[in-house]
Amino acid sequence: MITVRLEPENRELTIDRAATVTQLLHKLGRKPGRALVIRDGGLLTPDLNLKYGDHVIVRDVGSKG
Amino acid sequence: MKCKRCQIPAVVALPSHHTAFCKDCFLVFARRLVERAIKEHSMFTFDDRILVAISGGKDSLALSWQLKDLGYNIEGLHIDLGIPESSPIARAYAERFCAVSEIPLHVIETAKLGLAMCDVKRRVKRPICSVCGQTKRYLFNKFAQENGFTVLATGHNLDDETSRLFANVMRWDVEFLSDQGPVMHAEKGFAKKVKPLFRLTEFETANLCFLAGIDYGYAPCPYSSKASFPIYKNLLADLEDIQPGRKIRFYDGFLKDGRQGFAPRGETSVDIQPCTTCGYPTSAGECGFCRLTALMNDEG
């Protein structure tokens, strides 16, 4: 299970399984290049693997005004 | 995924540039894009006094950080729009950043002018984003002119510019197409305006902020849900996913080959005169800011 905090909504949810950052974004309905994915204070590229128990932040970058 | 320059693990992947970078190399990459924009379009020199429009969001803070890092003479202007849900938060980000970065920051509160946007929204029938944008442009320009700044810099990024261009094309808005670009020269009471981040996408400015340790505000304006530009941004983002690099080629191609075709018509279609009340350049006798001020101060 992976715990995700979505920003800017500040909403937390869990994803049962996502092997990579790309898969996680897909499950969240997001695409690489439109959100920062952050784990342990560092940025993750889309190809990187995720593991059970990870806590990540997915921060949308699109400004809305 | 490895950094293209130094081969250590990358932290940012950029399909549009067919590349990926580690932290240090990404910061070099971003700096070079800003330097290229400034140089290619003769935006300003180290002798200029530059006023940066600072909202507290990622783009204006990334711009301020980068220009300060490059050694330019900058000061910031934040406009507190008087929106209870978002303005105090945005202002706090701007003030914290400028204090840490040792950038002088000026603040104008629209509420003190009788123009708190929460009140304006209740009173005015036009879309609030249009009224708010007009008010900010007026105040930034006026402050720059009255305080001896030679250039006004804004944090518009590639997504802002391409979505605006796309919208103007969809309307075949000849006047806007004739003068859209990263530089608007000083003329007829308008300060010189520049957009040094126009080569960076908003994904890249967000990465720049993160990697440079810039704490920025990312709560959206509560009134922005009816803004139309996000529609064009999303359409272009979908296109960029299919054709990486399309956005910058669209914009560069417009500047190189497209804009000149609109200039002759755009230049002659609007007669700019000083506002009859405040002297601000306008095409309408009394400028929009003065008309708004009069409306908001009219008790009846």
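All values below were derived from every heavy atom in this structure, side-chain atoms included, with hydrogens, water molecules and symmetry-related copies excluded. Letters A, B, ... are given to chains in the order of the sequence lines, protein chains preceding strands, and every chain is numbered from 1.
Heavy atoms closer than 4.5 Å to chain A are found nowhere in B/N157, neither backbone nor side chain. With a 4.5 Å cut-off on non-hydrogen atoms, B/F26 does not touch chain A at all. With a threshold of 4.5 angstrom between heavy atoms, B/L211 approaches chain A through side-chain atoms but not through N, CA, C or O. In this structure, no portion of A/L48 lies under 4.5 Å from any heavy atom of chain B.
Considering B/R199, B/K233, B/K195, B/K247 as possible partners of B/D160, the one that fulfils the salt bridge (charged side-chain N to carboxylate O under 4.0 Å, His left out) test is B/K233.
Between B/L113 and B/L139 the shortest side-chain heavy-atom distance falls below 4.5 Å. For the pair B/L27/B/K23, a side-chain contact is recorded, criterion being any heavy-atom separation below 4.5 Å from C-beta on. When side chains are defined from C-beta on, A/L43 counts as touching A/I38, because their heavy atoms get closer than 4.5 Å.
Annotation for A/K27: atom NZ counts as buried by contact number, over 12 foreign heavy atoms lying within 6.0 Å. Counting non-hydrogen atoms of neighbouring residues, nucleotides and ligands closer than 6.0 angstrom, the CZ atom of A/R17 reaches no more than 12 such neighbours.
Ranking B/G57, B/A13, B/A237 against chain A, the residue ahead of the rest is B/A237, based on heavy-atom pairs under 4.5 Å. The residue among B/V12, B/T205, B/D159, B/D241 with the most heavy atom pairs within less than 4.5 Å of chain A is B/D241. The candidate from B/K58, B/E202, B/E204 with the greatest count of non-hydrogen atom pairs under 4.5 Å with chain A is B/E202.
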